[in-house]
*Asks:* 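Have a look at the structure that comes next, please.
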Amino acid sequence: MCRTLAAFPTTCLERAKEFKTRLGIFLHKSELGSDTGSVGSKHSKEGRNFPEDVLAWRESFDLLLSSRNGVAAFHTFLKTEFSEENLEFWLACEEFKKLRSATKLASRAHRIFEEFIRCEAPKEVNIDHETRELTRTNLQAATAACFDVAQGKARALMEKDSYPRFLKSPAYRDLAAQASAATSSPCSPAEPSHT
């Protein structure tokens, strides 16, 4: 056993182990691939440690979406409700906006449309007919902004519907309670170790 861990009382080590176990669902490698990267990083890009990051997710939907761990946790929650398509579409649009090649833009735009926008698409997002047709029209001259309206509607739907349910879910409430305990307890590690 590591000398630094041996110095902790057994109860603190048991609490840390329990905390790690409860976080397991959120610490797995994201199935979204490069969109979220590794979810086990010690600090978010905002400089918060993991428990602080978890607690920040309830402050705003933007903070949740700006956190790699938050996106992974939210995605996991949405999968339990069979409603992950809006988040996956939003993430695909974010990656799409980073493309610089006109050829790649056009090709990727058509793939996103076929996967998320067209009627009866495999992961069809819930948008109105006008937005679907506007997006179809935008594909004729694909730019980084061609999905902006549809992406905004999917985001608004998640923020008003899925996000509040996520915050009320037993999984998040338990996670937030554990994160609160970890940030206030001197014997709990700031970041659970995981292998």
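One is the number of the first residue; the rest follow in order along the sequence.
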*Asks:* Checking S67 side chain against L64 main chain: does a donor-acceptor pair fall under 3.5 Å?
*Replies:*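 Judged by distance alone, no pair lies under 3.5 Å.
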*Asks:* Under 4.0 Å between a side-chain nitrogen and a carboxylate oxygen: does that hold for D148 and K97?
*Replies:*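 Salt bridge between D148 and K97, a charged N being under 4.0 Å from a carboxylate O: yes.
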*Asks:* Between S107 and K104 (side chain of the first, backbone of the second, donor and acceptor by atom type, cut-off under 3.5 Å), is there such a pair?
*Replies:*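 Flag not set: sc S107 to bb K104 has no pair under 3.5 Å.
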*Asks:* When you measure from the side chain of R118 to the backbone of E120, do you find a donor-acceptor pair of N or O atoms at a distance under 3.5 Å?
*Replies:*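 Confirmed, R118 side chain pairs with E120 backbone.
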*Asks:* Assess whether a salt bridge exists between R165 and E81, defined as any Lys/Arg side-chain N lying under 4.0 Å from an Asp/Glu carboxylate O.
*Replies:* yes
*Asks:* Evaluate F116 against C93 for side-chain contact (heavy atoms from CB on, under 4.5 Å), listing each step before the verdict.
*Replies:* CA-CA 11 Å; F116 298 103; C93 290; over 6 Å; no
*Asks:* Name the residue from F82, Y163, F166 that meets the ring-ring contact (aromatic ring centres under 6.0 Å, His included) definition with F77.
*Replies:*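 When F82, Y163, F166 are each tested with F77, the ring-ring contact (aromatic ring centres under 6.0 Å, His included) holds only for F166.
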*Asks:* Go through the side-chain N and O atoms of T131 and D128 and say whether any donor and acceptor fall under 3.5 Å apart.
*Replies:*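 Distance-only check passes for T131 and D128.
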*Asks:* Do side-chain atoms of E133 reach the backbone of E130 as a donor and acceptor pair under 3.5 angstrom?
*Replies:* no
*Asks:* Mind listing the closest non-hydrogen atom pair of A106 and A142 along with its distance?
*Replies:* CA-CB, 3.9 Å
*Asks:* Are any non-hydrogen side-chain atoms of L63 and S60 less than 4.5 angstrom apart?
*Replies:*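 Yes, side chains in contact.
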*Asks:* Run the salt-bridge test on R155 and E94 with the 4.0 Å N-O cut-off and return the result as yes or no.
*Replies:* no
*Asks:* Do NZ/NE/NH1/NH2 and the carboxylate oxygens of E114 and R111 come within less than 4.0 Å?
*Replies:*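 Salt bridge: no.
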*Asks:* Measure across I112 and A92 and return the closest heavy-atom pair with its distance rounded to 0.1 Å.
*Replies:* CD1-O, 3.8 Å
*Asks:* What's the shortest heavy-atom distance between S180 and L55, and which atoms?
*Replies:*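 For S180 versus L55, the nearest heavy atoms are OG-CD2, 3.5 Å.
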*Asks:* Salt bridge check, K79 against E84: does any charged N sit closer than 4.0 Å to a carboxylate O?
*Replies:*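 Salt bridge between E84 and K79, a charged N being under 4.0 Å from a carboxylate O: no.
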*Asks:* Classify the ring geometry between F147 and F89 as parallel (under 30°), tilted (30 to 60°) or perpendicular (over 60°).
*Replies:* perpendicular
*Asks:* Could you check W57, W90, F61 and say which one makes a ring-ring contact (aromatic ring centres under 6.0 Å, His included) with F74?
*Replies:* F61
*Asks:* Measure the shortest side-chain to side-chain distance between L105 and T143 over non-hydrogen atoms and say whether it is less than 4.5 angstrom.
*Replies:*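 No, every pair of side-chain atoms sits at 4.5 Å or beyond.
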*Asks:* Return the minimal non-hydrogen interatomic distance between A150 and T135, and the atom names on each side.
*Replies:* CB-OG1, 3.8 Å
*Asks:* So N126 and L157, side-chain contact (heavy atoms from CB on, under 4.5 Å) or not? Walk me through it.
*Replies:* CA-CA 9 Å; N126 186 11; L157 184 63; 4.1 Å; yes
*Asks:* Roughly how far, to the nearest 0.5 Å, is NE2 of H110 from CD1 of I117?
*Replies:*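 Going from the CD1 atom of I117 to the NE2 atom of H110 covers 13.0 Å.
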*Asks:* So do L65 and L87 actually touch side chain to side chain, heavy atoms under 4.5 Å?
*Replies:*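 A side-chain contact exists here, since the closest heavy-atom pair is under 4.5 Å.
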